[in-house]
Asks: 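Before I ask anything, here is the structure I am working with.
So that the names make sense, note that chain A is the first sequence line, chain B the second, and so on, each numbered from 1.
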There are 2 protein chains.
Amino acid sequence: MDHPQPAPTRGRIVQVASRLFAEHGYHGTSMRDIAAAAGIRPASLYNHFPGKEDILLAVGHRYFATMWPALRAASEHPGGPLDRLLALISAATEVGRNHRYEHQALVGEMRLIRRTPALAPLVESGLACIALWHETIAVGQRDGVLRDDVVPAAATWLIFTAITGLVDQGHRSDVLGDPAVRTVSALCAVLVDGLRHPNTRTGTPALVGA
Amino acid sequence: MDHPQPAPTRGRIVQVASRLFAEHGYHGTSMRDIAAAAGIRPASLYNHFPGKEDILLAVGHRYFATMWPALRAASEHPGGPLDRLLALISAATEVGRNHRYEHQALVGEMRLIRRTPALAPLVESGLACIALWHETIAVGQRDGVLRDDVVPAAATWLIFTAITGLVDQGHRSDVLGDPAVRTVSALCAVLVDGLRHPNTRTGTPALVGA
DNA sequence: GTCTATAGGTAGATAGAC
DNA sequence: GTCTATCTACCTATAGAC
């Protein structure tokens, strides 16, 4: 291996930066804040990252390193496009919950990411994920099981923001001891029912996966 | 009248600040940026606002001054809870589109707003609006026309973020000359269909309002 | 790889002339 | 009400000892 052991400090920096970016935003978080949360001096951050932007880039890399394979696997789920769509929702929700701060940080800084050339890799990764959703939905529309008066991009956006809300809310639910699985089930029911073609409705679909 | 004519400069400041906050975030926008966009010197901002927070507060006030009466009227729409829900979606979408930057700025700075005591009035206004959604949805569930396995808060969040996406996307659609009304219709169809009680479905509901 | 010290720039906000 | 000039504090980033 060329990377025998990544320095634990670097990982800790990315971890605390994710949380701070999620809670206070990129511009609302200073290198001093990150250093203090990581238990080192501000100057030491520059032994691990060339600059602040590169920390956000690392946050995104860590996120997509988990999200991309999960979505990829879900998009190849056996069954019809409806099964694959449910698998995608389950996978994205689970990864989003397990990487809550990274998810929130990236969603909250979407405009900044699109605007900053150095963060272009994150845009690429995001587009690759979105393509999986689009294709699954498009196939569902072609097969007649999904309504075709909603463009795949709009359906994807609707699902994605719903998951973002779940990720957010999930934190509070976890604190209150409420198993969030029921919420995922409800989300799937509402969205997939709503997106289904009116002629093919048979009732509330069962929960798939997590 | 105690306020015979609000200085046009103050309104211009709020207007450009809305756009800057929406595009770059609160912390990503400096008083210098706002002053430059408003065509004045930074120091002159302080003749209209005590500080930066108060500009964000004014952005929120302007937003809710339109949103609150619109939702209020929609929630008293004649007909059943389903009609009122469609009226709420139409009203919120229209106001959100007409106050795009204010909407995006407030949504993007939700955490900051909740955290900052000086911005508490915005939290109160937001809660008042949310209460209208909750009540309408709760009545719909009691009447059996809306599925009751989704708590009103989750349904409200789902609708709200969908509208936020529409407000965002609406800008691009407008630029491309695509009438966004069709999108609102599709949004209503998907969400209301999905939220409907499975036993009461009769097909895609018609577009209401705008 | 972490530290102290600090550079160079920008932030929000103020003083006071006009 | 707008301006010029400026204050103080904080920002990202660097230099160089250990």
Asks: I need the NE2-P distance between B:H27 and C:dG12, as an integer number of Å.
Replies: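 Answer to the nearest Å: 10 Å.
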Asks: For B:E102, give me all partners under side-chain hydrogen bond (donor to acceptor under 3.5 Å, both in side chains), at least two apart in sequence or on another chain.
Replies: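 In terms of side-chain hydrogen bond (donor to acceptor under 3.5 Å, both in side chains), with neighbours along the sequence ignored, B:E102 is linked to B:H99.
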Asks: Please list every donor-acceptor pair under 3.5 Å in which a side-chain atom of residues 115-134 of chain A meets a protein atom from a residue at least two apart or in another chain.
Replies:
{"residue": "A:R115", "atom": "NH1", "partner": "B:H24", "partner atom": "ND1", "Å": "3.2"}
{"residue": "A:R115", "atom": "NH2", "partner": "B:E23", "partner atom": "O", "Å": "2.5"}
{"residue": "A:T116", "atom": "OG1", "partner": "A:L112", "partner atom": "O", "Å": "2.7"}
{"residue": "A:S125", "atom": "OG", "partner": "A:P121", "partner atom": "O", "Å": "3.1"}

Asks: Any donor-acceptor pair under 3.5 Å linking the side chain of A:T29 with the backbone of A:L20?
Replies: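 Side chain of A:T29 to backbone of A:L20: a pair is present.
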Asks: Where do B:I159 and B:L88 land on the side-chain contact (heavy atoms from CB on, under 4.5 Å) test, with the steps shown first?
Replies: CA-CA 10 Å; B:I159 294 170; B:L88 279 172; over 6 Å; no
Asks: Applying side-chain contact (heavy atoms from CB on, under 4.5 Å), run through B:L71 and B:V95 and close with a yes or a no.
Replies: CA-CA 9 Å; B:L71 291 181; B:V95 173; over 6 Å; no
Asks: Between B:R97 and B:D168, does any NZ, NE, NH1 or NH2 come within less than 4.0 Å of an OD or OE carboxylate oxygen?
Replies: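 Salt bridge between B:D168 and B:R97, a charged N being under 4.0 Å from a carboxylate O: no.
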Asks: Over how many whole Å does the gap from B:Y46 atom OH to C:dG12 atom P extend?
Replies: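 To the nearest whole Å, that distance equals 6 Å.
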Asks: Quickly work out the A:I55 CD1 to D:dA13 C1' distance and round it to whole Å.
Replies: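 After rounding, the reported distance stands at 12 Å.
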Asks: Between atom CD in A:E53 and atom P in D:dC11, what is the gap in whole Å?
Replies: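 Going from CD in A:E53 over to P in D:dC11 covers 17 Å.
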Asks: Side chain to side chain donor-acceptor pair (under 3.5 Å) between B:Q15 and B:R10: does it pass, once the steps are laid out?
Replies: CA-CA 9 Å; B:Q15 195 171 17; B:R10 195 192 139 101; over 6 Å; no
Asks: From C:dG12, D:dA13, C:dC3, pick the nucleotide closest to the side chain of A:K52?
Replies: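 Selected nucleotide: D:dA13.
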Asks: Detail all sub-3.5 Å separations between protein N/O atoms and N/O atoms belonging to nucleotides 15-18 of chain C.
Replies:
none

Asks: Between C:dG1 atom C1' and A:H48 atom NE2, what is the distance in whole Å?
Replies: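 Rounded to the whole Å, the gap is 6 Å.
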Asks: Rounded to whole angstrom units, what separation is found between the CZ atom of B:R41 and the P atom of C:dG12?
Replies: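 After rounding, the reported distance stands at 16 Å.
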Asks: Hey, could you give me each pair passing side chain to side chain donor-acceptor pair (under 3.5 Å) that has a residue in residues 31-43 of chain B? Not counting sequence neighbours.
Replies: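 Counting only pairs at least two positions apart or across chains, the side chain to side chain donor-acceptor pair (under 3.5 Å) contacts touching residues 31-43 of chain B are B:S30-B:D33.
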Asks: Please name all residues satisfying side chain to side chain contact (heavy atoms under 4.5 Å, CB included) with B:V16, sequence neighbours left out, ordered by chain then number.
Replies: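 Side chain to side chain contact (heavy atoms under 4.5 Å, CB included) list for B:V16, sorted by chain: B:I34, B:A37, B:A38.
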Asks: Give the nucleotide from the list C:dC3, D:dT4, C:dG12 with an atom nearest to the side chain of B:S30.
Replies: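 Out of C:dC3, D:dT4, C:dG12, the nucleotide with an atom closest to B:S30's side chain is C:dG12.
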Asks: Looking at residues 31-39 of chain A, who's got a heavy atom less than 4.0 Å off DNA chain C?
Replies: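 Within this stretch, nothing sits under 4.0 Å of the strand.
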Asks: Using the side chain to side chain donor-acceptor pair (under 3.5 Å) rule, collect all pairs that involve residues 51-65 of chain B, keeping only residues at least two apart or in two chains.
Replies: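 Only B:Y63-B:H103 qualify under side chain to side chain donor-acceptor pair (under 3.5 Å).
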Asks: Take the protein atom CD1 of A:I40 and the nucleotide atom P of C:dC3, then report the distance between them rounded to whole Å.
Replies: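 Distance check: A:I40 CD1 to C:dC3 P gives 7 Å.
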Asks: By side-chain hydrogen bond (donor to acceptor under 3.5 Å, both in side chains), which residues pair with B:Q141, not counting sequence neighbours?
Replies: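 Checked B:Q141 against side-chain hydrogen bond (donor to acceptor under 3.5 Å, both in side chains); zero matches.
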Asks: Can you pull out the residues from residues 15-26 of chain B that lie within a 4.0 Å heavy-atom distance of DNA chain C?
Replies: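 Close to the strand, none.
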Asks: Check whether any side-chain nitrogen or oxygen of A:S44 sits under 4.0 Å from OP1 or OP2 of C:dG1, and answer yes or no.
Replies: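 Indeed not, no polar side-chain atom of A:S44 lies that close.
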